[in-house]
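Notes for the one structure printed next.
A, B, ... follow the sequence lines: proteins, then strands. Residue 1 opens every chain.
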Amino acid sequence: MGLGADQFLQSSLIHMYSSFGGMGSAKVLFDEMPERNVVVWTALVNGYSKLGELEMARRLFDEMPEKDVIAWSAMVSGYVQEERFKEGLSIFNEMQVEGVTANESVLVSVLSACSHLGALDLGRWVHLYVERRFGHELSVNLGTALVDMYAKCGVLSASLQVFQGLPCKNVLSWNAMMGGFALYGHGRGALGLFSNMLRMGLRPDEVTFLGLLGAFSHGGMVNEGRIYFEGMTKIFSISPRLQHYACMVDILARAGLLEEATELIQSMPIEPDACVWGALVAGCRVHGNVALGTSIGEKLLEFEPGCAGRYVLLSNIYALAGRWDDARHVRVLMKEKGVDTRPGWSSIEVDGLVHEFVVGDKRHPYTGEIYRKLEEMGMRLAMAGYNVDTKNVLYDMDEEDKEVQLSYHSEKLAIAFGLIFTDSGTPIRVVKNLRVCSDCHLATKMLSKIYAREIIVRDSKRFHHFTDGQERRESPSVIRQLATLMEGLKKGVTHQMDLHDGPPNETIHASVFHSLADPTSNLNVPPSLETVWMRLSFDGVCSCSASNVRAEKG
DNA sequence: TGGATTTAGT
């Protein structure tokens, strides 16, 4: 339906108000319009959904006299951006029932939902659908969404494969792949990827460095962490944000360098948050420095009594020190002040349906079966010599109660569900929004042997792969693929750009960083062409091509 | 003509 000139103007105004969140004005204009087409409706729906007012957006959406794929897309992405992934998928489902053909935007949002939920089956289905509809040449957006989806759903090899095949990659594509390496703790892979990214002429951003540092932290690469954390500011002019500091503190504290970590926090130009302190406290716990941990936790609470993370942190430290009364007191205090905590949940996808569980959950229609399975799991674990690791329960309740509470942790419920409702021999993939506790970690490891199942748990920070009673850090097929990928990229780029006369390695890379950070410094390694190219590109000529470099050389 | 899109994480 075409609108007249006046209405076209109104429609543009509605869009303008919507995109700035001025929904009051947008709605007034909308109500005044004598006739509205799908474009105006969508602008309004999108305005509400961008503000997080999804109930309002949904009401309008349901009232729409006609909906095209863009309207559906606005609604799906609205849910996805508010982290209401299941609802986003259910809207997508409705869209298909209505017979509306999906396009790239919707599919990207759907893949994002799959990534967050760990919904691999649905993600795979979207991949097949994309190939059928758009052929094998993936667009950069869909490609990136697929790279991210496979990485977050536990299939790093598929992620790499899609990434390699992408005809066009942007910073988001590289960042998604980098994030994948971080999830699996592939420090070296991340480094190689970073190096190749630079040589492809892309400028890393703050997300790139989050991935890089995250990969270092899980891979225990302290020196690399220091070098790249410094290089981030000095070479790329990216100021570290809280998360970067948290990563760096984590790298140092994990390695037991608690003093250096403390100094880093003290030198921060921005106020450290609970994540930053939390990384230090986690280090204190691993390296047994309870005194430092407790003193930090107490100070934190004084400074910011409204922040949930800080109560949990302090409570955890008291529990670690065995100070149960104090731990409980903090929890009570938190409740009294009405501070919200994020509830823990685990999900598992079976036959395209995502099932979610919280601790002690009894809402599922198959609750009876699930709890019978849990009982069986407990018995078989006990027979295999498993001792419940009760230090994860923070209160000083009876040991028996602790065991009960632990055995109903959400990931155990999800695993029980998976054991019942998936075919024997197939992997069980569980997603948890928080970190897996050490008791569940051990139990899951043993369950993988007892039930002869590969169990893959994705928690808020990384993947845990359990096979035959072992946690598998790196899969051989991924390592092989990684080597091929790096080799391929290296060859291609070296050939095309004549940049490097030998394989890049960490030493050269570190030197390049140092030389750029301090041009007057004497290097052990003479400045390579790569250095020259990096200087060129980061002096603001990011798109400098091979011919520029050759000109510089000549 | 116009309205929808992904990485991290607040």
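Rounded to a whole Å, the CZ atom of R462(A) is 16 Å from the P atom of dA8(B). F209(A) places its CZ atom 14 Å from the C1' atom of dA8(B), with the value rounded to the nearest Å. Across the protein-nucleic acid pair, W72(A) atom CH2 and dT5(B) atom C1' stand 18 Å apart, rounded to whole Å. Put simply, CE on M23(A) is 14 Å from P on dG3(B), counting in whole angstrom units. Atom C1' of nucleotide dG3(B) and atom CG of L9(A) are separated by 16 Å, given to the nearest angstrom. Following rounding to the nearest Å, E206(A) (CD) and dG9(B) (P) show an atom-to-atom distance of 11 Å. Taking atom CZ of F134(A) as the reference point, atom C1' of dT5(B) lies 12 Å away to the nearest angstrom. Atom P of nucleotide dT6(B) and atom CD of E82(A) are separated by 13 Å, given to the nearest angstrom.
Applying the ring pair (Phe, Tyr, Trp, His ring centres under 6.0 Å) test to residues at least two apart or on different chains, the pairs with a partner in residues 96-125 of chain A are F85(A)-H116(A), W125(A)-Y129(A).
Using a 4.0 Å heavy-atom distance criterion, H116(A) is classed as a sugar-phosphate-only contact. Among the protein residues, Q81(A) comes within range of the sugar-phosphate backbone only, with heavy atoms under 4.0 Å from sugar or phosphate atoms but none that close to a base. At the heavy-atom level, N103(A) lies under 4.0 Å from base atoms of the strands shown. Within the nucleic acid shown, D205(A) has no heavy atom closer than 4.0 Å to any nucleic acid atom.
For K27(A), the salt bridge (Lys or Arg N to Asp or Glu O under 4.0 Å) partners two or more places apart in sequence, or in a different chain, are D31(A). Residues satisfying the ring-ring contact (aromatic ring centres under 6.0 Å, His included) test with H355(A), not counting sequence neighbours, are H364(A), F417(A). Evaluation of the ring-ring contact (aromatic ring centres under 6.0 Å, His included) rule for Y48(A) yields no partner, not counting sequence neighbours. Residues forming a side-chain hydrogen bond (donor to acceptor under 3.5 Å, both in side chains) with E356(A) (at least two apart in sequence, or on another chain): none. Taking S109(A) as the reference, nothing meets the side-chain hydrogen bond (donor to acceptor under 3.5 Å, both in side chains) condition, with sequence neighbours excluded.
Of all nucleotides listed (dG9(B), dT10(B), dA4(B)), dA4(B) comes nearest to the side chain of I70(A). Closest to the side chain of S105(A), out of dT7(B), dT5(B), dG3(B), is dT5(B). For V108(A), counting side-chain heavy atoms from C-beta on, the closest listed nucleotide (dT6(B), dG2(B), dA4(B)) is dT6(B). Taking every side-chain heavy atom of H15(A) into account, dG3(B) is the closest of dG3(B), dT5(B), dT7(B). For L172(A), taking side-chain heavy atoms from C-beta onward, the closest of the listed nucleotides dA4(B), dT5(B), dT6(B) is dT6(B). The Q243(A) side chain lies nearest to dG9(B) when the options are dA8(B), dT5(B), dG9(B). You'll find that the side chain of S112(A) is closest to dT6(B), out of dG3(B), dT6(B), dA4(B). Checking dG2(B), dA4(B), dT5(B) against the side-chain heavy atoms of V39(A) singles out dG2(B) as nearest.
Listed by residue number, N46(A), K50(A) are the residues of residues 46-56 of chain A with a heavy-atom contact under 4.0 Å to DNA chain B. Shown for residues 140-153 of chain A: residues whose heavy atoms fall under 4.0 angstrom of DNA chain B, namely N141(A), T144(A), D148(A), K152(A).
Between F61(A) and W72(A), the ring centre distance stays below 6.0 Å.
Side-chain atoms of N37(A) and base atoms of dG3(B) include no donor and acceptor less than 3.5 Å apart.
For the pair E349(A) and R458(A), the salt-bridge criterion is not met [side-chain N within less than 4.0 Å of a carboxylate O]. Remark: D459(A) engages R435(A) in a salt bridge, criterion side-chain N to carboxylate O under 4.0 Å.
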Check residues 271-282 of chain A and write down every donor-acceptor pair under 3.5 Å in which the side-chain atom is one partner and the other belongs to a residue at least two apart or another chain.
unit_1  : atom_1 : unit_2  : atom_2 : d
D273(A) : OD1    : C275(A) : N      : 3.2
D273(A) : OD1    : V276(A) : N      : 3.1

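Between atom CG of residue D250(A) and atom NE2 of residue H218(A) there is a gap of 6.5 Å, rounded to the nearest 0.5 Å.
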